[in-house]
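What follows is one structure encoded as structure tokens, with my remarks underneath.
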Amino acid sequence: MNSIEPRKADEVIDGIFHLYRARGDQAYLGEPVSMTDHMLQSAALAEAAGAAPAVVAATLLHDLGHLVHGLADDAADHGIDTAHEEVAARWLAPWFGPEVVEPIRLHVAAKRYLCATEPGYLARLSPASVLSLSLQGGPLTDADSAAFAALPHAAAAVELRRYDDEGKSAAAVTPTLEHFRAGLVAIVTS
Ligand code: FE
């Protein structure tokens, strides 16, 4: 539930949007879209699919770690896993509940899970996503896949992941950040 003043919630969202505007123009890890456009596109897909508000928010915020970790956007080309999912989860945890934070924390594990369990998934990944997969540990083992699937927010993480995978089109028309403000304000928690 929303337990902070609306003005404070707006300030939190302002801070997040500032990051997107200040640092989100960088290329999205070898994809044909910027970081900000990638997250806006993915969130628009979530919204169009009728996803829960927390999943729309998580999708909009899922790669925020790339904006705050301070490493170059071609880190993967240099063999560096930026652990951007953990960076984002820690950064957002003071402001959003686990239904937003945990799918973000798990969205890389969700990719590894889908590579292990869904025939054809890996073959559909973009080249940049295949490169980062190896740095992220590759497909999960059977035991780790079962453990992942048992986590409380695994299904939401897989849902987020599918929007993430689709939100990389150079041609897509994306909504603005402000389009998502009211939805975020409504679920800022503390
Ligand atoms: Fe992404």
Side-chain angles (χ1 to χ4, degrees), residues 16-17 19-21 23-49 51-52 54-77 80-92 96 99-115 118 121-140 148 153-177 179-180 183-184:
I16 291 169
F17 284 3
L19 267 175
Y20 280 64
R21 290 176 178 128
R23 302 197 191 164
D25 279 348
Q26 58 184 307
Y28 173 47
L29 309 176
E31 308 286 359
V33 290
S34 73
M35 285 281 183
T36 293
D37 281 351
H38 163 59
M39 288 188 269
L40 288 168
Q41 274 186 34
S42 301
L45 290 167
E47 190 176 61
V55 172
V56 176
T59 306
L60 182 70
L61 302 172
H62 78 274
D63 277 338
L64 181 127
H66 286 309
L67 306 184
V68 299
H69 64 44
L71 291 169
D73 64 359
D74 63 348
D77 292 338
I80 298 167
D81 176 15
T82 59
H84 72 284
E85 68 280 18
E86 285 292 339
V87 173
R90 281 197 293 270
W91 201 91
L92 292 165
F96 294 94
E99 65 283 1
V100 175
V101 172
E102 292 308 311
I104 294 172
R105 190 192 308 281
L106 294 174
H107 84 274
V108 170
K111 176 170 94 172
R112 299 178 63 200
Y113 169 79
L114 287 166
C115 285
E118 185 168 287
Y121 178 81
L122 201 162
R124 293 196 304 274
L125 287 178
S126 66
S129 201
V130 171
L131 173 62
S132 60
L133 173 68
S134 63
L135 297 174
Q136 291 158 344
L140 292 182
F148 171 84
H153 300 281
V158 167
E159 187 183 357
L160 187 168
R161 187 74 223 180
R162 296 191 190 282
Y163 306 131
D164 181 6
D165 291 332
E166 293 303 311
K168 302 177 179 179
S169 165
V173 175
T174 56
T176 63
L177 283 165
H179 172 79
F180 294 101
L184 292 172

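Just so you know, these numbers come straight off a predicted model, no measurement behind them. Just the heavy atoms: all of them, side chains too, but no hydrogens, waters or symmetry mates, feed the values below. In listed order, ligands and their atoms are each counted from 1.
- Evaluation of the salt bridge (charged side-chain N to carboxylate O under 4.0 Å, His left out) test over residues 122-140, restricted to residues two or more places apart or in two chains, returns Glu118-Arg124.
- Among residues two or more places apart in sequence or in another chain, the side chain to side chain donor-acceptor pair (under 3.5 Å) test is passed with Tyr113 by none.
- Protein N/O/S atoms closer than 2.8 Å to the Fe ion (ligand 1), listed by chain and residue number, are Tyr28 OH, His38 NE2, His62 NE2, Asp63 OD2, Asp164 OD1.
- In this structure, Asp37 has no side chain to side chain donor-acceptor pair (under 3.5 Å) partners at least two apart in sequence or on a different chain.
- Across Glu159, His62, His84, a single residue satisfies side chain to side chain donor-acceptor pair (under 3.5 Å) together with His107, and that is His84.
- The closest donor-acceptor contact from the side chain of Lys111 to the backbone of Leu125 lies at 3.5 Å or more, if one exists at all.
- Here the shortest heavy-atom pairing between His38 and Gly167 reads ND1-O, 2.6 Å.
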